[in-house]
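Read through the structure below, which is laid out as structure tokens, and then see the notes.
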Amino acid sequence: MSALNFAHRLTKTIEELSEADSLKDIFHQHQDGNPIPSNQVLEEIIGLLREIIFPGYYGESTVHSQTIKFQIGVNVEKLYHLLTKQVQAGLCFVQSQHELCPQQCQKLREKAEDLTTQFIQRLPELRRVLTTDMVATYNGDPAAKTYGEVILCYPVIKALINHRVAHELLMLGVPLIPRMIAEMAHAETGIDIHPGAVIGEFFTIDHGTGVVIGETCIIGKNVKLYQGVTLGARSFPLDEEGNPIKGIPRHPVVGDNVIIYSNATALGRITIGEGSVVGANIWITEDIPTYTKIFKKTK
């Protein structure tokens with residue numbers, strides 16, 4: 001192939017890739033100074049949060065009782081600056097269809113600072129709840145030898161740190177970033193939890209791989225899931241144009257003290273009553289009364 005022919009073919013391909021019709025709905029036009037949130041920076045933020053919530057188990061710094069306040073202070077300050085920029089980027093992203101003047105950008109910066117401050121103030125409660133998840137995971141697995149092993153090794157803890165962080169940010173009204181953080185955990189652990197899901201204390205997932213928890217799920221306290229469990233939607237009501245109606249409750253409500261074994265699937269806005277046990281490989285589309293045990297019959 002001649003150099004001239006090669007250049008011509010490349011030029012033609014570039015022109016096709018740049019055509020407006022092919023870019024419809026997939027092209028995000030950046031405004032100067034307003035980038036979209038960065039997965040790389042969000043990974044750094046999650047690393048900082050893991051260090052802050054479980055000191056001494058994550059990160060490279062050596063922490064002991066005499067330096068812990070200093071180390072947490074350094075990490076929180078770094079977290080504040082990094083997260084503020086990412087929250088601002090998320091706020092700018094949802095405003096990107098409009099030209100933002102400098103005054104509007106400044107207001108978004110101030111809003112990002114306020115949201116980040118509110119989030120950081122919630123970290124003590126986040127640590128408390130995640131500690132209950134760690135205890136539930138340890139108590140629920142005879143193979144776990146220490147709390148430290150659970151914190152360092154168990155994918156459910158990593159997934160729940162991401163989820164509880166993402167959920168708090170979502171409740172504060174931060175756009176885009178919660179979903180990005182949730183998908184980071186999904187990629188790392190194989191556990192897919194939408195940041196909108198409400199999950200009570202002392203929650204755990206044994207093994208974890210393949211678990212799916214939908215956006216409008218409500219899960220009570222002291223609930224245990226096994227690998228492959230799906231808490232999903234049965235169907236999607238459509239609007240007049242045939243598109244799914246978003247934001248309506250469509251996922252299960254799981255009561256306190258429920259156990260759901262591996263590969264069970266619960267679909268739709270059903271209720272699994274308190275104290276119930278759902279066996280492996282069960283398909284559920286109707287309410288389950290409290291303290292009910294459902295198992296797949298064998299011949």
Side-chain angles (χ1 to χ4, degrees), residues 37-87 115-141 143-170 172 174 177-193 195 197 199 201-209 211 213 227:
S38 163
N39 273 300
Q40 183 176 357
V41 176
L42 289 176
E43 287 177 358
E44 185 177 359
I45 286 169
I46 289 299
L48 283 171
L49 284 164
R50 289 176 177 177
E51 287 186 56
I52 292 166
I53 292 168
F54 293 115
Y57 286 102
Y58 296 98
E60 298 178 358
S61 299
T62 301
V63 183
H64 52 79
S65 59
Q66 294 179 335
T67 63
I68 188 168
K69 185 176 180 179
F70 170 79
Q71 191 63 50
I72 289 176
V74 169
N75 285 337
V76 167
E77 184 176 0
K78 187 176 182 180
L79 170 67
Y80 174 80
H81 292 294
L82 290 175
L83 185 56
T84 295
K85 288 182 179 180
Q86 293 305 298
V87 171
L115 291 172
T116 300
T117 301
Q118 289 185 60
F119 170 75
I120 289 174
Q121 289 177 318
R122 298 185 183 189
L123 287 179
E125 175 63 10
L126 268 177
R127 176 191 279 171
R128 186 192 70 78
V129 174
L130 282 162
T131 299
T132 72
D133 300 329
M134 179 269 293
V135 171
T137 301
Y138 173 80
N139 289 340
D141 185 1
K145 301 298 187 291
T146 63
Y147 287 156
E149 180 184 359
V150 170
I151 294 169
L152 281 171
C153 304
Y154 281 55
V156 63
I157 300 302
K158 296 181 175 67
L160 286 176
I161 291 172
N162 282 45
H163 170 70
R164 296 201 185 278
V165 165
H167 183 74
E168 289 298 329
L169 290 170
L170 186 71
L172 287 169
V174 176
I177 289 173
R179 192 63 189 270
M180 295 174 71
I181 291 174
E183 292 306 323
M184 287 163 51
H186 186 192
E188 182 182 9
T189 67
I191 299 170
D192 182 2
I193 310 176
I199 301 178
E201 302 173 0
F202 293 95
F203 177 72
T204 188
I205 306 172
D206 200 0
H207 302 295
T209 307
V211 166
I213 301 174
Q227 70 273 16

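We use all heavy atoms of the structure for the numbers below, so side chains are in, but hydrogens, waters and symmetry mates are not. Not measured: the values here are computed from a predicted model.
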Report the distance from atom [atom1] of [X] to atom [atom2] of [Y], rounding to the nearest 0.5 Å.
{"X": "Met180", "Y": "Asn39", "atom1": "CE", "atom2": "CG", "answer": "4.0 Å"}
{"X": "Ile161", "Y": "Ile181", "atom1": "CD1", "atom2": "CD1", "answer": "12.0 Å"}
{"X": "Ile52", "Y": "Ile120", "atom1": "CD1", "atom2": "CD1", "answer": "7.5 Å"}
{"X": "Ile53", "Y": "Met134", "atom1": "CD1", "atom2": "CE", "answer": "12.0 Å"}
{"X": "Leu79", "Y": "Ile72", "atom1": "CG", "atom2": "CD1", "answer": "12.0 Å"}
{"X": "Gln40", "Y": "Glu43", "atom1": "CD", "atom2": "CD", "answer": "7.5 Å"}

Output every pair passing salt bridge (charged side-chain N to carboxylate O under 4.0 Å, His left out) with a member in residues 69-81, not counting sequence neighbours, ordered by first then second residue.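 Of all non-adjacent pairs touching residues 69-81, those that pass salt bridge (charged side-chain N to carboxylate O under 4.0 Å, His left out) are Glu44-Lys78.
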Which salt bridge (charged side-chain N to carboxylate O under 4.0 Å, His left out) pairs, counting each pair once, include a residue from residues 149-158, with sequence neighbours left out?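 Non-adjacent pairs meeting salt bridge (charged side-chain N to carboxylate O under 4.0 Å, His left out): zero.
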Under 3.5 Å donor-acceptor, [X] side chain and [Y] backbone:
{"X": "His163", "Y": "Ala197", "answer": "yes"}
{"X": "His186", "Y": "Ile191", "answer": "no"}
{"X": "Thr84", "Y": "His81", "answer": "no"}

Which heavy atom of [X] sits nearest to which heavy atom of [Y], and what is that distance?
{"X": "Ala182", "Y": "Pro195", "value": "CB-CD, 3.7 Å"}
{"X": "Tyr147", "Y": "Val135", "value": "OH-CG2, 4.1 Å"}
{"X": "Tyr138", "Y": "Ala144", "value": "CE1-O, 3.5 Å"}

Listed by chain and number, what are the side-chain hydrogen bond (donor to acceptor under 3.5 Å, both in side chains) partners of Thr189, not counting sequence neighbours?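 Applying side-chain hydrogen bond (donor to acceptor under 3.5 Å, both in side chains) to Thr189 gives none.
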Apply side-chain hydrogen bond (donor to acceptor under 3.5 Å, both in side chains) to Asp141 and list each qualifying residue two or more places apart in sequence or on a separate chain.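 Testing Asp141 for side-chain hydrogen bond (donor to acceptor under 3.5 Å, both in side chains), a comparison that skips the adjacent residues, returns Tyr154.
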Any side-chain heavy atom of [X] within less than 4.5 Å of one from [Y]?
{"X": "Leu170", "Y": "Arg179", "answer": "no"}
{"X": "Phe54", "Y": "Leu152", "answer": "no"}
{"X": "Gln71", "Y": "Pro55", "answer": "no"}

Please name all residues satisfying salt bridge (Lys or Arg N to Asp or Glu O under 4.0 Å) with Glu125, sequence neighbours left out, ordered by chain then number.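 Testing Glu125 for salt bridge (Lys or Arg N to Asp or Glu O under 4.0 Å), a comparison that skips the adjacent residues, returns Arg128.
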Glu188: which residues meet the salt bridge (Lys or Arg N to Asp or Glu O under 4.0 Å) condition with it, sequence neighbours left out?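 By the salt bridge (Lys or Arg N to Asp or Glu O under 4.0 Å) rule, Glu188 matches Arg50.
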Under the side-chain contact (heavy atoms from CB on, under 4.5 Å) test, which residues partner [X], sequence neighbours left out?
{"X": "His207", "value": "Gln227"}
{"X": "Phe119", "value": "Leu49, Leu83, Leu123, Leu126, Val165, Glu168, Leu169, Leu172"}
{"X": "Leu160", "value": "Leu130, Asp133, Val156, Ile193, Phe203"}
{"X": "Val41", "value": "Ser38, Ile45, Leu82, Gln86"}

Tyr80: which residues meet the ring pair (Phe, Tyr, Trp, His ring centres under 6.0 Å) condition with it, sequence neighbours left out?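 Here no residue qualifies.
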